[in-house]
2 protein chains.
Amino acid sequence: MARPKTFDEQQVLTKAIDVFRRKGFDGTSIPELTAELGICRQSLYNAFGDKRGLFLDALEHYGRVEVQAKLDLLDAPGSPIENLRTVIRGWAAMAAQCPGEGCFTITAIVVNRNDAKGLAIVEEHVNRLERGYESNLERALLAGELKPDAKPARMAHSLITSSYGIALLSRLAGSSVRIGDSVAEMLDIVERNAAG
Amino acid sequence: MARPKTFDEQQVLTKAIDVFRRKGFDGTSIPELTAELGICRQSLYNAFGDKRGLFLDALEHYGRVEVQAKLDLLDAPGSPIENLRTVIRGWAAMAAQCPGEGCFTITAIVVNRNDAKGLAIVEEHVNRLERGYESNLERALLAGELKPDAKPARMAHSLITSSYGIALLSRLAGSSVRIGDSVAEMLDIVERNAAG
DNA sequence: TAGATTGTAGAACAATCGTTCTGAAAGAGG
DNA sequence: CCTCTTTCAGAACGATTGTTCTACAATCTA
């Protein structure tokens, strides 16, 4: 054998997520990609097939890292409801941290308009996170943290919609107040269904 | 003078909204545009300057027609709260009617990532609608339809976030249940603040 | 050291992009 | 009639697109 891989594929995918989120798919050219990823054309094509392949790989990597991080938070030991509150506040924090950028999922939803494979990956991310919310709420219900008549599925559906609404509108400059109130309302949904 | 305009500019802009929403900005070529709009290259450039000019004009037209239609509904005579319920249900109806397309505002938010002028127009649309929600709720408050301690601004912020969350996620195939529950939750926010 | 492999640098490719230009057909006013 | 003006059809423009190809440097194993 010979020369080992000198670039870290995962690290390249992380950079790719950043670039695509910032400039979109069609808005990012190959020269821009090679410059920002720090690899040359040929390496890009060898590793990912083509431009769309790179995008799809980046999207899957996003699921393995960012989406999974939220799921881990929801599943962390301790009070399920307190974990949920942490995740909800995290959406506002993300919006405040990189305003105008927004989460990669949103770019992917719009960009993959006509790509069934890409849309399927995004949809799986959204559904996984939604099920994460739901199972978190079911555990809270079992633990007696929620009123017995609380409806985890419906709550999860509503929370997911608000979550991505926040992520979308965070791309607009003057959204901080709006996002703050939306997070407060999400926390209120949880509070209202809390026991005692 | 001479030959009168043979194509209706407003009608062309309506078609342009459809095309751009379906294929995005970079994803739509000039030949596609001339085909779908039913006008030739030169007419397009004479009337709108260039491709981006057409997009911005279409975006403004969207504000004059679609956004304004929602505002008119909110301002219609009769019970403010009942009007608000109608508009909220309208978001679900829109999502059900053309699933996978989503409202033009969302395309514009993602597509205008790096175009300040375009982003400003979109932001104005979102803000106008939000103020429409808010003034509707203030009128409801004055009319005694809301509890005295209801907070129109916060309610409006939260409702806008959910509205666009719905519009975004409606692009995913399996979102109908999720959207239904989200609308129910939005109606619940209104209900919970309604006067006894 | 020899050879295989993995990377880089950059030329070259056909295709398509947005845009402009040319020339002519069509209808309204003088 | 003639003269504008609007629109059309389509050629042409340079620039850029995604992709492939060629040549070469680097680093591992045998």
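FYI, side chains are in, hydrogens and waters are out, and symmetry mates aren't considered; it's all heavy atoms of this structure. Quick caveat: nothing in here was measured; it's all calculated off a predicted structure.
- The CZ atom of R52(A) sits 17 Å away from the P atom of dT17(D) (whole-angstrom rounding).
- One interatomic measurement links the two molecules: CD of Q42(B) to C1' of dA26(C), which rounds to 17 Å at whole-angstrom precision.
- Between S29(A) and the phosphate of dT16(D), there is no side-chain N or O to OP1/OP2 separation shorter than 4.0 Å.
- Rounded to an integer number of Å, the gap from CZ of R41(A) to P of dT16(D) is 13 Å.
- The line from CD1 of I39(A) to CZ of F48(A) is 5.5 Å long, rounded to the nearest 0.5 Å.
- Atom pair I30(B):CD1 and dT16(D):P shows a separation of 17 Å (rounding to whole Å applied).
- Between I39(B) and P31(A), it is I39(B) whose nearest contact on DNA chain D lies nearer the 5' terminus.
- Ring-plane geometry between F25(B) and F55(B) is classed as perpendicular, the angle between the planes exceeding 60 degrees on a 0 to 90 degree scale with a lower cut at 30.
- Under the 3.5 Å distance criterion, with hydrogens and angles disregarded, a donor-acceptor pair is assigned to the side chains of S79(A) and E145(A).
- G38(B) comes within 4.0 angstrom of the backbone, heavy atoms only, and of no base.
- In this structure, F25(B) atom CZ and dC17(C) atom C1' are separated by 11 Å, rounded to whole Å.
- As judged by a 4.0 angstrom heavy-atom cut-off over every strand, T28(A) is placed among residues touching the sugar-phosphate backbone only.
- When side chains are defined from C-beta on, R171(B) counts as touching V110(A), because their heavy atoms get closer than 4.5 Å.
- Look at CG on D50(B): it is 8 Å from P on dT20(C), rounded to the nearest Å.
- Listed pair S43(B) / dC8(D) meets the phosphate criterion, a side-chain N or O lying under 4.0 Å from OP1 or OP2.
- Rounded to an integer number of Å, the gap from Y45(B) OH to dC8(D) P is 15 Å.
- Atoms CG (L44(B)) and C1' (dG10(D)) sit 16 Å apart, rounded to a whole Å.
- Using a 4.5 Å heavy-atom threshold, the side chains of L159(B) and L84(B) count as touching.
- Nucleic acid contact class of N46(A) (heavy atoms, under 4.0 Å, all strands): none.
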